[in-house]
Amino acid sequence: MRKIETLAMILAGGQGSRLGKLTKEIAKPAVPFGGKYRIIDFALSNCVNSGIKNVGVVTQYQPRELNKHVGNGEAWGLNVHNGGATILQPYASVDGEKWFKGTANAIYQNSSFIDQHNPDYVLVLSGDHIYKMDYQKMLDFHKLKKAALTVGVIPVPIEEAPRFGIMNTDQTDRIIEFEEKPEKPKSNLASMGVYIFDWALLKKYLDEDQSKRRELEDFGKDVIPAYLGNGENIFAYAFTDYWKDVGTIESLWEANMEFLDPTHALNIRNSDWRIYSQNPSASPQFLTETSNVTDAMIVDGCYIAGDITHSILSHHVKVGKGSIVENSIVMSGVTIGENVTIKYAIIGDNAKIHDGAYLVGKEKEIMVVGYNEEIGGLTDDEK
Amino acid sequence: MRKIETLAMILAGGQGSRLGKLTKEIAKPAVPFGGKYRIIDFALSNCVNSGIKNVGVVTQYQPRELNKHVGNGEAWGLNVHNGGATILQPYASVDGEKWFKGTANAIYQNSSFIDQHNPDYVLVLSGDHIYKMDYQKMLDFHKLKKAALTVGVIPVPIEEAPRFGIMNTDQTDRIIEFEEKPEKPKSNLASMGVYIFDWALLKKYLDEDQSKRRELEDFGKDVIPAYLGNGENIFAYAFTDYWKDVGTIESLWEANMEFLDPTHALNIRNSDWRIYSQNPSASPQFLTETSNVTDAMIVDGCYIAGDITHSILSHHVKVGKGSIVENSIVMSGVTIGENVTIKYAIIGDNAKIHDGAYLVGKEKEIMVVGYNEEIGGLTDDEK
Amino acid sequence: MMKNKISAILNLKEDDSKLLPLTEKRSISSLPFGCRYRLIDFPFTSLHSAAIDSAAFFIAGNGRSLHDHIRSGASWGLDSSIGGGLFPHTETAIREAVEMSKADQINSFYHDQIHYVIRSKSEYVVMMGTKMLCNIDINALLRYHQEKKADVTVVYKNMVQSSCNASEDETYLLFEGQATDRITNLVSFDKLEADKDKAPVNMDIAIMTSKKFVELATQAGKSKLRSETMLLFKDHLDEITVIGYEYTGYLKNINSIQSYFEANMDMLNEKNYNALLTRGNSIITKVKNGAPTFYSKDAKVKNAQFASDCLVEGEVENSLIFRKVTIAKDAKINHSIVMQGSQIGSGSSLEYVILDKGVKIGEGVHLKGTADNVKVIKKNTVVEPERGVKA
Amino acid sequence: MMKNKISAILNLKEDDSKLLPLTEKRSISSLPFGCRYRLIDFPFTSLHSAAIDSAAFFIAGNGRSLHDHIRSGASWGLDSSIGGGLFPHTETAIREAVEMSKADQINSFYHDQIHYVIRSKSEYVVMMGTKMLCNIDINALLRYHQEKKADVTVVYKNMVQSSCNASEDETYLLFEGQATDRITNLVSFDKLEADKDKAPVNMDIAIMTSKKFVELATQAGKSKLRSETMLLFKDHLDEITVIGYEYTGYLKNINSIQSYFEANMDMLNEKNYNALLTRGNSIITKVKNGAPTFYSKDAKVKNAQFASDCLVEGEVENSLIFRKVTIAKDAKINHSIVMQGSQIGSGSSLEYVILDKGVKIGEGVHLKGTADNVKVIKKNTVVEPERGVKA
């Protein structure tokens, strides 16, 4: 039987309900980011750049956009040499129809897929974080420590620690305690939702659980405590570069604005660690005689006759004369008429903002226009 | 908005429970057929050969094998020029988690996918029949008749009609009555599960139903009666070539044996209407000095040292010396040892039949060995 | 179901001598254009829009630069292994030179074309080049051809006669009469009637049935005609019905540095930009992964176009900037074309200049051409201040 | 992460004169072999097994037949647009002839190879051909090369000396001593020591770092050496460390009709069939859609191999039958190779015959060669009874 070293499983089933309109019809990992990316591009590109070419993408909530985006993984160079991306969805079997209950359960229900690849290690990732990480280094650490499980952790300001799952470690990085959102955190090492498991052992746990208690639904809540209880080797691998959870409108806006900064740690122009995505065909970006574009990221297919400042514009955005876009994120296909004012806003794909519209949010109260929404313009009666 | 004339939707979600072991872990349309095909290849190839390049494949039950098989439709030449095959699975949305309830419901739940393609006509197909049909001719008929719905029908022996959904027509082929499995059939025109709908009208019915009774779950039971009740134009299009429902082990065996006949109506060697499938890499078929192969279909990668009569052997089958295979279907990757006797049997993918095993069924009682099953050989104690 | 299947022959053996040094290591077909395209993208997009999945091309040299761009042809749907595909024919110049001398034998150029067309099992053949830059709807052309029951249909555009110049490589169509589109002759500009206000320029695009193609190509091959589309039927205009099909979109003959520069600058006119680049299906090119283009706080940009992955900190006006170009603070670019990967140092200025790929302009370098005499800097040149001053 | 990235150069300018008429319109690399392969499938599969997704090939003619088989290279994972791809170089014979005369310039063959290797950003280069038919594990070769810290590692197979024949195009390796694998010379068969029982035949496969390759190829290009893999370092064996790597699998030098016939017949030996076709990853070829092969009630088959889509009603023994062959009732085929699409009429017989593609053997035709002198029938020939009797 063919064997691979590491299979990555990206958990991309979450709704991300705190993103409101932006995740009403698409899963959170498919939400656009940074002008031409989607959130899941970071996890997928990290896999490829780390030399991991077999990736399962576990979906559940509104998966169509995500499926279309990921496809067979060609955009990330995954469709080669026995590699590939596979979309995994809930399905019906002779035992009935099953939805994935939690992170561990999603892995359990896809264990036949994992077994087909027969990996030594399973790298479990969350599909909704913005970061550049070499998983190979974490894997080296995992092997060095002879760990049963290695958990990627990131130091957070201690005052924010109560919002995270916190790992308490000894001086050898061994995890001795896990606390979910502790009121009085003993450490500032937050779980990144990045796990490396020895597959044989994890499978044993999940299989046995299935025939007994059926309690191992979630990695943080159930599996880590079970491992700790049985004295398995669990280690924390500290990641210290940029990492951002974009779970809310404000954090999504903030992460985009950080991304815009040319001196930012994420350094999108660094060709040693590319972030790949689908690249639609588009004409060159056209900045007309009347445009005024500064401190902005613009993507192909844009036609700009207005003023853009400190903003990100995605593919095929049109901005009419006299319009102002400031501190905002404009997703692809948006049409902005003339004399429109947009500040502190996120405008969803294919929205139409008619002449003279005034959309002004605040830094802590970002205004959101949903996908395909239409703002302003004549009402049907006036037409 | 881009427009296409016809979108095909293949309903491939059924379990096909009467196929027993053969559909325990894979959906019926993915069941192997005729040595190198799977049942769904016929519907997919018919689409391509009829010039229909946009196909949705609706799955639900054990879809993984089917997904892997269909992929992006490349094997059928579907991955070109704004064409393509798309796998459609149940998914969770803000309204909750939904499984497809019936044929019409499966179409309803995928109506956003259909609307993306903006088709004039939706061709609904069942993914589990063996036949070669030019859907374009049926579409011409549909247009000529200015039909709201055209139902593909096949004449069956009147004594078998009570097993089918029967269409009663007037002399202009207009359907005036539909009877599901009538005890006393008035006609012998059985529904093939092939429908052409005007999409705008069908969508109107399904949308309105959604906001009202929510009763339109099945095309035969619910939608046709509703159309008839409202006096919509429904016509029957008679298909008179070979068509076979392979819903039971015996009918599956029988259809394979018919397929084996070189003078058979399906005529697999006819290059004007090719049946496409995935083609794995395999070495040439090797018939050794001790082999004796007559009245048999053999696929690449087979190594045969025994006697094969009136049988179909799929990819990578090995048959040892002194073994006899008669009136049987052997699926891919099967290893048959020496001095084995197999008659009237279906042997599932990758099964292992050890030396000296004796597997003899009867014409009306076909013996089935499941996928990966192991028959005969030393028990663990004897090893 | 295979109704109207069309195969395509791209004749890319186009004379590029007046485009030097841009064509030193590339053919006209692989000339960069409009911030992110190569000229081959235009006919390939037309093929794709017409659902044509099979094409053969013929190129004089080794086609290396073109191949690097096209690769498997997947971007344009030309990588199908069922009935389609892309069939490159390179080094035709050398082979033709050798074969033209052999008598009584169809030379390999025509032989290869005939072989390709027969194997494609197509009903029609369309023939195009890349020099006549346009965005044509082949399905509309085919419908016209069928309606007119023509043997061959040739595409032309009516240019305003007063603005036309005699150009050796342009030919014009003569029609049978005022109200008919049957072509009676192909002539040079000076043979046109001087009193007409329009000059129907031949765009070197033709469509015909595969059967007619094989017939004409066999004749041409035996008579040792040079392998040009129009030579197939130029001498048979009285025997067969050759019809003109009028194209009304953007057209430019890319046959010199000057016309190449003008065509690029034309894109800064919104009407041309829309007509050529976004009409119908937008032009398909090989997509590259790259970051969005960043315009800094100091950037000053007016009437300019950019591809992605640029870093713009200086001033850009009336110019086209390709991928991965960096423009430092206080650099000024005007009326110029800057190709992929070039770096413009701070305090430098460019006016009426074309920089080929990977040029480095040092700090404070000033380069200036004129509207009639554009300065071209060769690929990968490093221009240091002293040299710039000299220039 | 890009550790040990390997690029590949396939030298397909192999001498095919003794394989005529089979090589009249194809190179050795596109010779059909073993019912369903072309010889290029063997090196391509080795590349694929080693996860090599980039290759350049060099072929003397237009490579048409090879291109028809390879197309986008997708079957072997050579169609990647991220860092990989397939780079064809055709008509090298004509170009080389012209360029060999120009002094002081690296000729285009080496220039193209160097250019390819640099652009591939690979750490290693492997060089292979198709004439030496084998199934080699490139990763194992690389590991050996790295362990030995060699500059170049060359693959050889120890043949039994008594069964070796002097062959102009085979060379043998001389080692520094009994227990070392450092190569000191490449010689013809007659230069080997007669008392040894093994003859280490050079398989024309070499691996080295890209850096070393560029260095050697630049030297060779300047000295106007003919472009053969071994010529890169043959004259430098005392300056650099060239190591031999022993291959123990199936090997055959396909340099004549006789050896081509033997290699095919070798596949009927189960040991060879397994060694060449099913060892490790099975050989990848372009898959074609086709029905299963049907053996009728009257078929009599012993010790024979078939591709799919055949219809067998006659007798076949000790033979290899390619795709889409029909064998009518009472036809007898023995010790023969029948290529794709051939039709064998009833009552005919073939013995020691090779039928190229699309041959039609009429009813009652008898063709007979011998084990030492196999009869070859050209592509698309129609053999009628009278002619068969004459033969």
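Letters A, B, ... mirror the listed sequences (proteins, then strands); counts begin at 1. The model shown is predicted, which means the values in this text are computed figures rather than measured ones.
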Of all of A/Gly301, A/Gly35, A/Ala296, which one pairs up most often with chain C through heavy atoms under 4.5 Å apart?
->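 Ranked by contacts with chain C, first place is A/Ala296.
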Residue selection (most heavy-atom pairs with chain C, distance under 4.5 Å) from A/Ile268, A/Val299, A/Val293 =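 Looking at each option in turn, the highest pair count goes to A/Val293.
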Can you list the residues that meet the salt bridge (charged side-chain N to carboxylate O under 4.0 Å, His left out) rule with C/Glu262, with sequence neighbours excluded?
->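 Partners of C/Glu262 under the salt bridge (charged side-chain N to carboxylate O under 4.0 Å, His left out) test: C/Lys252.
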Across chain A and chain C, going purely by atom type as modelled, what donor-acceptor pairs are there at a distance under 3.5 Å?
unit_1	atom_1	unit_2	atom_2	d
C/Arg36	NE	A/Asp300	OD2	3.0
C/Arg36	NH1	A/Ala282	O	2.3
C/Arg36	NH2	A/Asp300	OD2	3.3
C/Glu270	OE1	A/Tyr303	OH	2.4
C/Glu270	OE2	A/Tyr303	OH	3.2
C/Tyr273	OH	A/Ser283	OG	3.0
C/Tyr273	OH	A/Pro284	O	2.9
C/Asn289	OD1	A/Ser277	N	3.2
C/Asn289	OD1	A/Asn279	ND2	3.4
C/Asn289	ND2	A/Ile275	O	2.8
C/Gly290	O	A/Lys36	NZ	2.7
C/Pro292	O	A/Arg269	NH1	3.1
C/Pro292	O	A/Arg269	NH2	2.9
C/Thr293	N	A/Ile298	O	2.9
C/Thr293	O	A/Ile298	N	2.8
C/Tyr295	N	A/Ala296	O	2.8
C/Tyr295	O	A/Asp295	N	2.7
C/Tyr295	O	A/Ala296	N	2.9
C/Tyr295	OH	A/Gln285	OE1	2.7
C/Ser296	O	A/Asp295	N	3.2
C/Lys297	NZ	A/Asp295	OD2	3.4
C/Lys302	NZ	A/Ser291	O	2.8
C/Asn303	N	A/Leu287	O	2.9
C/Asn303	N	A/Thr288	O	3.3
C/Ala304	N	A/Leu287	O	2.9
C/Ala304	O	A/Leu287	N	2.9
C/Phe306	N	A/Gln285	O	3.0
C/Phe306	O	A/Gln285	N	2.9
C/Ser308	N	A/Asp300	OD1	3.2
C/Cys310	O	A/Arg269	NH1	3.3

At their closest point, which heavy atom of C/Gly34 faces which heavy atom of A/Pro284, and how far apart are they?
->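 Reported closest heavy-atom pair: O-CG, 3.3 Å.
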Let me know if A/Leu260 has heavy atoms under 4.5 Å from chain C in its side chain, its backbone, both or neither.
->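 Both backbone and side chain of A/Leu260 come within 4.5 Å of chain C.
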For the candidates C/Cys310, C/Cys35, C/Ala304, which exhibits the highest count of non-hydrogen atom pairs separated by less than 4.5 Å from chain A?
->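 Most heavy-atom pairs within the cutoff with chain A belong to C/Ala304.
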